[in-house]
Structure formats: structure tokens, C-alpha cells
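See structure below.
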Amino acid sequence: MEQILSFLQALKQHNNREWFNQHKDEYSALRLQFEEYVDELIQLMLPYDEELSGLRAKDCLYRIYRDIRFSYDKTPYKTHFAAYLAKGGKKSPRGGYYLHIEPGNCLLSGGVWSPEPKLLRLLRQAVFDNFEEFREIMENPVFKRLYPGLDGEKLKTVPRPFPKDTPASAYLKYKDFVVLGRVQDRYFSGKDWKQNVVTDFRKLIPFNRFLNYTVDEFYQ
């Protein structure tokens, strides 16, 4: 993984097409390496989450090319490698396991990101109706040590029709049900880093299962 991080650091400093084209072969080799890593992670996760069965890394990896059509930032390339492990791959609406490799900003993540409005309402309802179960997941010390809480945009007030004084209020304000676990670059330097990722991804299983019960009902 050190080579990938080193390449991404250089790309961050030279984020232009001329530099990238000169290093296209290096990028292609490193992307293939990353794909192999993700395939290994899928296989290592299968004993703990059989819903990943049949999933291939090719279905999980994101493109490095940025969509700059509506962005003030016109740099053409992302400065990270990323993959989303979930049934259906990177476009899946289900809660899964996100791996983000970026110098100085590496992270593991899980949950449901950017659900459509109807699904978001149902997820909030599920949290409201089963709050003790959800709070137990979120407050589990092993989980919370790496994933301290929900992350992302949130409303200023509790959305209707939920009462403002509900114990679940802090969670119901969020527009996503996602948690982030930030890790140092050196997390990926040891020979056991893939096993460490699996250990930390396993902590997400109760959280994802809680959310996916509602997601699967919504899309069935």
C-alpha cells in the first residue's frame, strides 16, 4: 500500500493531465494492485458477511477521474483510491463497507449514504421505533472507539413528524446514516493490514444490518 500512497501524494502535487499521462502505466499497475487487495478483502469478509458472496472488486472500485462539469475545483483527478463493498457493488443503496486510501486522510466507513428522501424517512422511523437497539449499537465501546458517531450533513431541528424531545433527536437530524473511522497512513504499512481492515469492518456489521433491514424492505 506504500506505493499507492506515494503515487497519490505525487498526484496531489501534480494534478494535471500531462503529469498523469506520463505516469499512466504506474497508475494502471497500482490500480490493478488495489483491485487485488479489494478482492482479498472480500474473501476475508465472506465468513462474517455472506451477502458479499459473488461480489468482485471490479464492481466496487471508483474511477479516479473527477466530474468537473459543475465544480469550482477543475483538477481532473481524485487524489484517493476507494472501494465500496456491498451487495450490488459501489452503486448499491445498502449499507456496506467503504475503504478510502488518501495520504493524510485514510478512512474506513459504513452505513447508508445519500438515501433518497422516502428511504431517509423510513430509516429515521426505524431509528425512532427501535431506538434502544440503535443506541446500543452506536454506544458499543468497541464500535465507538473507531466510529465515534454519525457523520455528514444534518438538519438544525428534528424533522417532522418526530417529537423534538425524543431521545433519538440527535440521530434523526442527519441526512445520511454513515459512520467514519479515520486511520493513519501507517495503518496500511504492516503485513497484517488487510486483517486489521477486516477486524474493523466487522465492527460495522450490526450497524449495517440494522439499516439494511429497512433498505431491503424499501426496495423489495
query = Can you get from Trp193 to Phe201 by hopping between Ile, Leu, Val, Met, Phe, Trp and Tyr side chains that sit under 4.5 Å apart?
reply = yes
ask   = Where is the tightest heavy-atom contact between Leu5 and Ile101, given as atom of each residue plus distance?
value = CD2-CG2, 3.7 Å
request  = Following the transitive rule for hydrophobic clusters with a side-chain heavy-atom cut-off under 4.5 Å over Ile, Leu, Val, Met, Phe, Trp and Tyr, establish whether Tyr98 and Phe188 coincide in one cluster.
outcome  = no
query = Does atom CD of Gln13 have more than 12 heavy-atom neighbours, drawn from other residues, nucleotides or ligands, at distances under 6.0 Å?
reply = yes
inquiry  = So which atom in Arg56 and which in Ile42 form the shortest heavy-atom distance, rounded to 0.1 Å?
reply    = C-CD1, 3.9 Å
ring-ring contact (aromatic ring centres under 6.0 Å, His included) assessment of Tyr27 paired with Phe20 = CA-CA 8 Å; Tyr27 162 73; Phe20 188 83; 5.1 Å; yes
ask   = Same cluster or not: are Trp113 and Tyr213 linked, directly or through other Ile, Leu, Val, Met, Phe, Trp or Tyr residues, by side-chain heavy atoms under 4.5 angstrom apart?
value = no
ask   = Where the side chain of Asn140 meets the backbone of Phe143, is there a donor-acceptor pair that is under 3.5 Å apart?
value = yes
ask   = What's the verdict on side-chain contact (heavy atoms from CB on, under 4.5 Å) for Phe128 and Leu172, showing C-alpha distance, side-chain angles and the deciding distance?
value = CA-CA 8 Å; Phe128 179 79; Leu172 299 180; 4.2 Å; yes
message = I need the single residue from Leu55, Val197, Val198 that forms a side-chain contact (heavy atoms from CB on, under 4.5 Å) with Met45. Which is it?
response = Val198
query = Take atom CD in Glu18; do more than 12 heavy atoms of anything else shown fall under 6.0 Å from it?
reply = no
key: Glu139 side chain near Lys144 side chain, heavy-atom distance below 4.5 Å   = yes
query = So how far is it from Asp39 CG to Lys58 NZ, rounded to the nearest 0.5 Å?
reply = 9.0 Å
Close side-chain approach of Cys106 to His100, heavy-atom, < 4.5 Å = no
ask   = Excluding sequence neighbours, so at least two apart, what forms side chain to side chain contact (heavy atoms under 4.5 Å, CB included) with Ser114?
value = Asp176
message = Quick check against the 3.5 Å criterion: does Ser169 have a side-chain atom that pairs as donor or acceptor with the backbone of Thr166?
response = yes
query = Would you say Arg66's side chain and Pro76's backbone share a donor-acceptor pair under 3.5 angstrom?
reply = no
request  = Indicate, with yes or no, if Val178 and Phe210 share a hydrophobic cluster defined by side-chain heavy-atom contacts under 4.5 Å among Ile, Leu, Val, Met, Phe, Trp and Tyr.
outcome  = no
For the student: nearest non-hydrogen atoms of Glu102 and His80, plus distance = CB-CB, 3.6 Å
message = To check you understand the geometry: which heavy-atom pair defines the closest contact between Tyr171 and Met138, and what is its length?
response = OH-CB, 3.6 Å
message = I'd like to check the side chain to side chain contact (heavy atoms under 4.5 Å, CB included) partners of Lys118; sequence neighbours left out, ordered by chain and number.
response = Arg121, Phe218
inquiry  = Once side chain to side chain contact (heavy atoms under 4.5 Å, CB included) is applied, do any residues pair with Ala83, and if so which ones, sequence neighbours excluded?
reply    = Phe34, Val38, Cys60, Leu61, Leu85
request  = Could you tell me whether the side chain of Ser92 and the main chain of Ala86 form a donor-acceptor pair under 3.5 Å?
outcome  = no
request  = Under the side-chain contact (heavy atoms from CB on, under 4.5 Å) rule, what do Gln3 and Gln33 come out as? Steps first, then yes or no, please.
outcome  = CA-CA 10 Å; Gln3 289 178 309; Gln33 184 182 83; 3.8 Å; yes
inquiry  = Consider side-chain contact (heavy atoms from CB on, under 4.5 Å). Of Met1, Gln43, Glu40, which one does Lys194 pass it with?
reply    = Glu40
More than 12 heavy atoms from other groups under 6.0 Å of NZ on Lys78 = yes
query = Taking Ser109 for the side chain and Val179 for the main chain, is one N or O donor matched with an acceptor at less than 3.5 Å?
reply = yes
message = Tell me whether Thr199 contacts the main-chain N or O of Gln195 through its side chain, where contact means a donor paired with an acceptor under 3.5 Å.
response = yes
CG on Leu146 to CG on Leu180, rounded to 0.5 Å = 9.5 Å
message = Please give me the minimum heavy-atom distance between Asn208 and Gly111, naming the atom from each residue.
response = OD1-N, 3.1 Å
request  = Verify whether one side chain among Tyr187 and Asp200 offers a donor that lies under 3.5 Å from an acceptor in the other.
outcome  = yes
task = Kindly determine whether Lys175 and Glu153 satisfy salt bridge (Lys or Arg N to Asp or Glu O under 4.0 Å), including the steps that lead there.
result = CA-CA 6 Å; Lys175 298 181 179 181; Glu153 286 189 68; 3.6 Å; yes
query = Can any side-chain N or O of Asp185 pair as donor or acceptor with the backbone N or O of Pro103 at less than 3.5 Å?
reply = no
Spatial distance of atom CZ (Arg202) from atom CG (Leu44) [nearest 0.5 Å] = 11.0 Å
query = Under the 3.5 angstrom rule, does the side chain of Tyr97 hit a backbone N or O of Leu204 as a donor-acceptor pair?
reply = no
key: Evaluation steps, side-chain contact (heavy atoms from CB on, under 4.5 Å), between Leu120 and Glu116   = CA-CA 6 Å; Leu120 177 58; Glu116 59 178 279; over 6 Å; no
Centroid-centroid distance, Tyr77 to Trp19, less than 6.0 Å = no
key: Shortest non-hydrogen contact between Arg182 and Leu107, atoms and distance   = NH1-CD2, 3.7 Å
ask   = Within a reach of under 6.0 Å around CD of Glu136, are more than 12 heavy atoms found that belong to other residues, nucleotides or ligands?
value = no
request  = Report yes or no: do Leu41 and Leu46 belong to one cluster of Ile/Leu/Val/Met/Phe/Trp/Tyr joined by side chain heavy-atom distances under 4.5 Å?
outcome  = yes
task = Check the pair His23, His14 against side-chain contact (heavy atoms from CB on, under 4.5 Å), reporting the backbone distance first and the verdict last.
result = CA-CA 11 Å; His23 295 80; His14 309 280; over 6 Å; no
Distance-only side-chain donor-acceptor flag, Tyr174 / Asp151, under 3.5 Å = no
